[in-house]
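Here is the structure we will look at.
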Amino acid sequence: MKQIKPFGPTFHLGEMIETVEKIGDPLFRVTTDRGKVFETKLVVIAAGGGSFQPKRPPIAGIEPYEGKSVFYAVRRMEDFRGKNLLIVGGGDSALDWTLNLHPLAKRVTLLHRRDEFRAAPDSVNKMRALVASGAMDLKLGQVTALEGGDGMLTAAAVKGTDGSASKVACDALLPFFGLTMKLGPVANWGVNLEDDLIPVETASFETNVPGIFAIGDINTYPGKLKLILCGFHEGALMAQKAFHYVFPEKRLVFQYTTSSTNLQKKLGVA
Ligand SMILES: Cc1cc2nc3c(=O)[nH]c(=O)nc-3n(C[C@H](O)[C@H](O)[C@H](O)COP(=O)(O)OP(=O)(O)OC[C@H]3O[C@@H](n4cnc5c(N)ncnc54)[C@H](O)[C@@H]3O)c2cc1C
């Protein structure tokens, strides 16, 4: 971060690029999972092995509820104020969100398949104290079906660990079943893929789509090594071609930090 500071880049952290559409020659529209939209002359994909995606619970018909009343992450706690929440899981995420959302939700039910938790003992103790005082519910079992309409939940059918069947009235379901590394949305951006990697040519690390580059662990070419050093090398070569997309009228001047006073001033070492 210190090295990059003199160049004044803008960061957008904690969000995922969902779509990349070609809208010109070359011009792209890029959207994030939080609804930000960018129009850019080029795209550099440095997505490594992909992104961590939440593991879906095995509940038939869950898809229409996702993003409306089934959430795999909490973006804004306020969205859950006054609601009946069913939180599912036994790890730190499930326990942390149970404790954090409990004060503002109407009622929280934590559902886990057994009476043992993989979360921090302190969180488990706090949760058990809330259950003992009647401030929230703990159920042992699994969700078998969802009830509701238009993406909005009204209840979840639960099969208890003891074989019993019951229903939990809820406005939102928050399953925390862990994360898995997946290529994710990159697969839908129109670039060629080979075994979940993006083939590039090694003069500029451009993909089959002019204006879309791929550097670092996500790309593949003969002799590829997944090393930080290689990612930096690929970034340097990519920038040579990318410059011409951004500034078609400008001449690219190649400079060394050892001899360029311009660069030394920028880096604060002149
Ligand atoms: C155990 C281990 C040890 C290693 N040790 C070394 C070492 O000693 N020396 C060395 O040189 N290399 C080492 N490596 C390799 C090195 O870690 C990788 O080569 C390097 O991290 C690759 O960098 P990257 O930026 O391409 O990908 P990553 O570091 O994987 O970063 C990719 C980022 O993109 C994000 N992303 C993915 N999809 C999206 C999306 N759709 N929208 C937004 N963001 C997205 C991911 O969340 C991630 O943060 C090691 C690797 C491993 C696994």
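Nothing fancy with the numbering, it's 1 onward along the sequence. Atoms within a ligand are numbered from 1 in the order they appear, just like the ligands themselves.
Of the N and O atoms on the side chains of Ser164 and Asp162, at least one donor lies less than 3.5 Å from an acceptor on the other residue.
Residues with a heavy atom under 4.0 Å from ligand 1: Glu15, Met16, Ile17, Ala46, Ala47, Gly48, Gly50, Ser51, Trp189, Gly216, Asp217, Lys226, Leu227, Ile228.
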Could you please spell out the steps behind the side-chain contact (heavy atoms from CB on, under 4.5 Å) verdict for Lys139 and Val168? CA-CA 10 Å; Lys139 276 180 100 68; Val168 178; 3.6 Å; yes

As a quick check of understanding, evaluate side-chain hydrogen bond (donor to acceptor under 3.5 Å, both in side chains) for Gln53 and Ser51, giving each step before the final call. CA-CA 6 Å; Gln53 306 272 321; Ser51 49; 2.9 Å; yes

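Scanning for side-chain contact (heavy atoms from CB on, under 4.5 Å) contacts around Asp171 gives Lys83, Asn84, with sequence neighbours left out.
Salt-bridge annotation for Arg75 and Asp33: present, with a side-chain N of the basic residue lying under 4.0 Å from a carboxylate O of the acidic one.
For an aromatic pair to be called close, the ring centres must be under 6.0 Å apart, and Tyr245 with Phe247 fails this.
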